[in-house]
2 protein chains.
Amino acid sequence: MSEIKQTSTNFSNKSALSDECPEAYASTIIGGQWTLVICSWLLGGKLRFGELKKKLPNITERMLTLQLRKLEENMIVRRTVYAEVPPRVEYELTQIGYDLKPIIKELENWGDRHKKLTGQ
Amino acid sequence: MSEIKQTSTNFSNKSALSDECPEAYASTIIGGQWTLVICSWLLGGKLRFGELKKKLPNITERMLTLQLRKLEENMIVRRTVYAEVPPRVEYELTQIGYDLKPIIKELENWGDRHKKLTGQ
DNA sequence: CTCATTACTTACATTTTTTATAGTACCTAA
DNA sequence: TTAGGTACTATAAAAAATGTAAGTAATGAG
């Protein structure tokens, strides 16, 4: 996740697409496997690392960390560390993160309809 | 793309997530690198394989084929083959594919705002 | 017969994403 | 002194996605 080769064709393709197509740009930001689900949980309010982990039973701590870091880099999520022991870290959506709400809702809606249609 | 290991943790994680979270389900369907851009072009009407290729200058024929096949499998796109030589194949959105329109539009919107905000 | 056209397919290589497993620092409470 | 909780890190490996390069079928034009 952190080791992207800026010389690869894949990288330049993604960059070019992101430059020209804001929907592709958005997709690279919210496209991770756990990204939307994390955001979806955070729509309900701030959560600690461990709380998020409980909501996503199968995620590894590493993946959760990576996804949260990426979300933080992309300013979707704000991270607050409390200087306590044991540590307490809270995650919450920023404004632009919260702005994903209608998109997430529509995706849920569309997903449900698609499932019914295809009998999944 | 075609060789997904149904015994992998990744596969079972994705399945479980898709079962529970329609937004994650939707994301696995429209999450490919070129998927949304292809759909976005098709919103304007049916296009031939070669026409799509021209719209996406950097895509390889292999990737275009794979993405279109996946979209077809997922009933987002309808493929029509004309028995001519040289062959002619047309792609167009299905109803549920066309229903992605508002989502794509909102993603474009959100992407633009996000770009401005982060100075990309 | 040879060539051009179109929409692919195939085999393989590379890059990116995801998972597995085992740690770490810090303080508190027993 | 030891154990326990919290939010991580480090390293390796597996899996998935994407890219490269070459080839194919059919047929009509020349």
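Quick caveat, the model's predicted, so the values are computed rather than measured. Chain naming here is simple, since letters A, B, ... match the order of the sequence lines and numbering starts at 1 in each.
- Relative to the six-membered ring of B:F11, B:K5 misses at least one condition, a distance below 6.0 Å or an angle of at most 45° to the axis.
- In this structure, B:E84 reaches neither bases nor backbone, as no heavy-atom distance under 4.0 Å exists between it and the strands shown.
- Mapped onto DNA chain D by nearest heavy atom, A:V85 and B:V85 fall at different nucleotides, with A:V85 at the one closer to the 5' end.
- Computed from coordinates, the A:K14 NZ to C:dT16 P distance equals 7 Å when rounded to whole Å.
- Residue contacts for A:T9: at a heavy-atom cut-off of 4.0 Å it reaches the sugar-phosphate backbone alone, with no base atom in range.
- Taking atom CD of residue A:Q6 and atom C1' of nucleotide C:dT14, one finds them 17 Å apart after rounding to whole Å.
- Taking 4.0 angstrom as the limit, A:Q67 places a side-chain polar atom (N or O) nearer than this to OP1 or OP2 of C:dT18.
- By the criterion of side-chain heavy atoms lying less than 4.5 angstrom apart, applied directly or through intervening Ile, Leu, Val, Met, Phe, Trp or Tyr residues, B:V85 is not grouped with B:V89; the two fall into different hydrophobic clusters.
- The nearest whole Å value for the distance from the CD1 atom in B:I59 to the C1' atom in C:dA7 is 14 Å.
- The cluster map of Ile, Leu, Val, Met, Phe, Trp and Tyr, joined by side-chain heavy atoms under 4.5 Å apart, puts B:M63 and B:L56 in the same cluster.
- Residue B:N10 places at least one side-chain N or O under 4.0 Å from the OP1 or OP2 atom of C:dT19.
- Here B:R48 does not reach the OP1 or OP2 of C:dT6: none of its side-chain N or O atoms lies under 4.0 Å away.
- At whole-Å resolution of the value, CG in B:L64 and P in D:dA17 are 17 Å apart.
- Listed candidates were C:dT16, C:dT5, C:dC26. Nearest to the side chain of A:S8 is C:dT16.
- Within the nucleic acid shown, B:Y82 has no heavy atom closer than 4.0 Å to any nucleic acid atom.
- Side-chain atoms of A:K5 lie closest to C:dT15 of the nucleotides C:dT6, C:dT15, D:dG19.
- Under the 4.0 Å criterion applied to side-chain N and carboxylate O atoms, A:K46 and A:E90 are assigned as salt-bridge partners.
- At whole-Å resolution of the value, CG in B:L47 and P in C:dT6 are 15 Å apart.
- A straight line from CG of A:L56 to C1' of C:dT19 spans 15 Å, rounded to a whole angstrom.
- Not one side-chain nitrogen or oxygen of A:R62 sits closer than 4.0 Å to the OP1 or OP2 atom of C:dA22.
- With rounding to the nearest 0.5 angstrom, the CD1 atom of B:I30 is 10.5 Å from the NE2 atom of A:H114.
- Separating the CG atom of B:N13 from the C1' atom of D:dA15 is a distance of 12 Å, rounded to the nearest angstrom.
- Checking the phosphate oxygens (OP1, OP2) of C:dT9, a side-chain nitrogen or oxygen of B:R69 falls inside 4.0 Å.
- A straight line from CG of A:L17 to P of D:dT18 spans 11 Å, rounded to a whole angstrom.
- For B:F49, counting side-chain heavy atoms from C-beta on, the closest listed nucleotide (C:dC26, C:dA7, C:dT19) is C:dA7.
- Both B:I103 and B:I96 are assigned to one and the same hydrophobic cluster, defined by single-linkage of ILVMFWY side chains at heavy-atom distances under 4.5 Å.
- The phosphate of C:dT16 has neither OP1 nor OP2 within less than 4.0 Å of any side-chain N or O from B:Q33.
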